[in-house]
Amino acid sequence: MRIFSVSHKTAFVVDHCPYMAEPSRQLIECDMLTKSRSQGVIPLAPVSKCLWTCAIECSMEYCRIVYDVYPTKKLVKLNEWFLMTALAAVGPPNPRQDPECCSVLHGLVAAVESLCKITEYQHESRTTLMDTADKVANRGRIICLTNAKSDTHVRMLEDCVLETIQEQNKRAAGSDRLMPIQQCELVLVHIYPQGDETLVSDRQKKELSSVLSSEVHSVRAGRYLACKLNVLVQQHFDLASTTITNIPMKEEQHANTSANYDVELLHHRDAHMEFIKSGDLHMAGSTSRDSGLKETVTLKWCTPRTNSVELHYCTGAYRISPVDVNSRPSSCLTNFLLNGRSVLLEQPRKSGSKVISHMLSSHGGEIFLHVLNSTRSTLEDPPSISEGCGGRVTDYRITDFGEFMRENRLTPFPESMVDAACRTPVERAKSQLERHTRYWPMIISQTTIFNMQAVVPLANLIVKDTLTDEDVLTCQKTVYNLVDMERKSDPLPISTVGSRGKGPKRDEQYRIMWNELETLVKAHVGTSERHQRVLDCISACRSKPPEEEERKKRGRKREDKEDKTEKNGKDTEEKGWTTDSERLKGVMEREKDEQSECEIIKDSPDSPEPLNKKPRLDTEEQQPPEKSKGPVSLLTLWTNRITQANSRKHQEFAGRLSSVNNKAELYQHLKEENGLIFLFTHCVFFIRMDVHENGKATR
């Protein structure tokens, strides 16, 4: 069914009874010459509009807003659709006329009859859907401005509208020029003068029947009625309010000075959709001359720029209508925009940088509120999955996705042509798309087999609905080629994005590759028996003999040992820099002290020949140093060099040369009768005593 909303047709019914000639009691000052009035001039008395005038003005404002925002397809009928001409011909109500002669019931009946008439848009839809079973729905709204006597009077008006709809639907069922009403909304607005007590209670929307719903509003005349209809037009036509603040305008009296003004605009609610999605929608209550509270979004005026329409990415454009069209700020803003200028609007924020969210500009004599994209544009490159939101796109399989789209393109095809399984072309296309997307990684770093040219034949064949024996043979050859690559330890295109170090080892890379290949084939193994044969081939190739598994295990242990040795060497080198430097300093100081002691002993007249100093390791000169298993530090190299150089400068001690396991026995001749050695522990030199035959000792 082609649905026309309730706002497609709106019929106004304004009561023309004598009571509508009563004054609204909202005074309007006409005497503007308060200072320059000469003496003897009687000031003009203030005037008050009648209820009829207030109702007509508010109805006209309602229609003006609808015509500004919706120039087409939204019809408002007030006395045969022609507003000003018809209202001028009607004239004001006669207060002396008999109330029984004029009743608002006649207007309600005429409104129901007008809703049954077919509009031009409905006729076009009916012509388009003539050959189909779809029907065009007929819906509308009736707004009645009247002065009701009581709640009972209101119920009588509702019953009259319901009976009229039922009668008109019966007539329309047998006519080609009328359409039955599927849904009608009745909005009763009770108007009473300021200062009086209302006799009618407000009532929310209520369903009276399957085709009629009704709501009642009791409003004082004057600015209160204008505010009420302004709120109703926003509800009826899905409009929203935006207030432009800080508009600089020059004062009429002082041309050199300027002041900031605010202008409220009405537009379609979708202009605030970006605020709703982002959660930045903060509705503020604005209090104006009507003393009513309305919700509006505040945007701040920015410096106008020319040709800004082409400089900003726009996501929507909506017609606007000023709320107070006759005010000086609204008039100045309208003329400014119609002269070809554009104004940028920003969201007011307490902190942070400003965000330009909207722009006002005119096209073809109509003013539009443009919604600028304040978030990430859909025309920009999408964010990278691997690097997070906002990163550069380097990891998507863009080329593969383009090939994927070419393989799944759709083309017009007769629906009557079905395959052997009685599937239509669209069903076959959906089935193919489902098979191709069972396993399809989006980014390069999440796949290995799709980055290998050797797997391309198998990946292209396994997604087919049916496989031939030749296709199975091709897939098996692909598997055997992968086995040969693993035997040769060929490198695989493993992505290291987001990983630290060298990445997985060669065996781990092939394990990942085989798991992914098995996942791909398992996703299609239920398609046919030949698909199962491909999976069996992969499973057979993955099950290696015991001797090959043992060889792989030994290779993995050797690699782990080398990596561990290299890691320990690096850690020892890093941790030993401080201790090695201190040890080197101590060795150098001890060598310096020992050298000084030797010089003292040599210079003494009573000192014997100096004893040779032996390094700590006696086998370093005779045996080459053992080969280090790990990296050698700079301190070790320097210490070995100094030790070898010192060992060549003096004769080695005889006791150390004849020692066993670097251990020499001291005082070997202590127990012999012809020899005696005195050891003076408090001296820095040794004294040897020889006993001669005559009993005298010499040094």
Side-chain angles (χ1 to χ4, degrees), residues 128-129 131-132 134 313-316 373 375-387 389 391-479 481-482 493 495 497 513 516-535 538:
T128 304
L129 303 176
D131 299 333
T132 64
D134 294 338
Y313 171 56
C314 176
T315 60
N373 187 28
T375 58
R376 191 178 183 94
S377 172
T378 56
L379 299 180
E380 298 177 6
D381 293 335
S384 174
I385 296 177
S386 61
E387 299 180 7
C389 182
R392 296 183 58 188
V393 179
T394 58
D395 207 17
Y396 282 121
R397 297 175 56 198
I398 300 176
T399 305
D400 296 343
F401 188 71
E403 186 66 26
F404 169 79
M405 290 190 295
R406 282 191 292 270
E407 294 176 355
N408 292 272
R409 283 186 300 180
L410 298 178
T411 182
F413 205 77
E415 190 175 357
S416 58
M417 301 185 65
V418 297
D419 58 0
C422 298
R423 296 183 304 175
T424 60
V426 64
E427 293 175 350
R428 294 199 300 270
K430 291 180 180 179
S431 177
Q432 176 178 330
L433 184 62
E434 187 272 334
R435 292 195 308 272
H436 280 70
T437 55
R438 287 178 186 176
Y439 182 77
W440 205 93
M442 292 291 293
I443 58 178
I444 299 174
S445 61
Q446 289 183 347
T447 180
T448 301
I449 60 176
F450 289 100
N451 301 331
M452 302 171 57
Q453 291 293 331
V455 191
V456 171
L458 187 147
N460 293 337
L461 293 175
I462 202 66
V463 296
K464 295 175 60 176
D465 193 8
T466 57
L467 293 178
T468 62
D469 292 337
E470 184 178 356
D471 295 338
V472 175
L473 182 60
T474 303
C475 294
Q476 292 175 349
K477 289 181 179 179
T478 302
V479 176
N481 290 336
L482 295 177
S495 176
V497 176
M513 185 272 295
E516 185 179 6
L517 183 64
E518 191 171 356
T519 301
L520 172 65
V521 178
K522 282 183 177 180
H524 304 273
V525 72
T527 307
S528 67
E529 184 269 338
R530 290 186 173 90
H531 289 78
Q532 181 64 41
R533 288 168 54 185
V534 177
L535 180 62
I538 296 175

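Values below: all heavy atoms of this structure, side chains included; hydrogens, waters and symmetry mates excluded. Numbering starts at 1 and runs along the sequence shown.
Atom CG of L410 and atom NZ of K430 lie 10.5 Å apart (nearest 0.5 Å). Of the inter-residue distances, the one linking L535 atom CG with L517 atom CG reads 9.0 Å to the nearest 0.5 angstrom. Between M442 atom CE and F401 atom CZ the span is 6.0 Å, to the nearest 0.5 Å. Expressed to the nearest 0.5 Å, how far SG of C475 lies from NE2 of H531 amounts to 8.0 Å.
Annotation for R423 and R428: closest pair O-NH1, 2.9 Å, computed over non-hydrogen atoms. Taking both residues in full, the closest heavy atoms of P457 and A454 are given as CD-O, 3.7 Å, listed atom of the first, atom of the second, then distance. Smallest separation of non-hydrogen atoms from N451 and T447: ND2-O, 2.9 Å. Across every non-hydrogen atom of V479 and I538, the tightest pair is CG2-CG1, 3.7 Å.
For the salt bridge (Lys or Arg N to Asp or Glu O under 4.0 Å) test, no residue two or more places apart in sequence or in another chain qualifies with E529. R530 meets the side chain to side chain donor-acceptor pair (under 3.5 Å) test with D469; sequence neighbours excluded. Applying the side chain to side chain donor-acceptor pair (under 3.5 Å) rule to R435 yields the partners S431; only residues at least two apart in sequence or on another chain are considered. Remark: E518 engages K522, R542 in a salt bridge (Lys or Arg N to Asp or Glu O under 4.0 Å) (not counting sequence neighbours). By the side chain to side chain donor-acceptor pair (under 3.5 Å) test, R406 pairs with E403, sequence neighbours left out.
Put simply, the side chain of Q446 never gets that close to the backbone of I443: no donor and acceptor are under 3.5 Å apart. Formation of a donor-acceptor pair under 3.5 Å by the E516 side chain with backbone atoms of F450 is not found in this model.
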Pairs of donor and acceptor atoms involving the side chains of residues 458-465, under 3.5 Å and at least two apart or interchain, shall be tabulated with distances.
residue : atom : partner : partner atom : Å
N460    : ND2  : V456    : O            : 3.3
K464    : NZ   : D471    : OD2          : 3.1

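Counting heavy atoms from C-beta outward, R438 and T527 have side chains that approach closer than 4.5 Å.
A 6.0 Å sphere centred on CD of E434 holds more than 12 heavy atoms belonging to other residues, nucleotides or ligands. Within 6.0 Å of CZ in F404 there are more than 12 heavy atoms belonging to other residues, nucleotides or ligands.
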Show, in sequence, the C-alpha distance, side-chain angles and deciding distance for L482 and M452, and conclude whether the side chain to side chain contact (heavy atoms under 4.5 Å, CB included) test is met.
CA-CA 10 Å; L482 295 177; M452 302 171 57; 3.6 Å; yes
Evaluate the side chain to side chain contact (heavy atoms under 4.5 Å, CB included) criterion for residues T468 and T466: first the C-alpha distance (whole Å), next the side-chain angles of each, then the deciding distance (0.1 Å), finally the verdict.
CA-CA 7 Å; T468 62; T466 57; over 6 Å; no
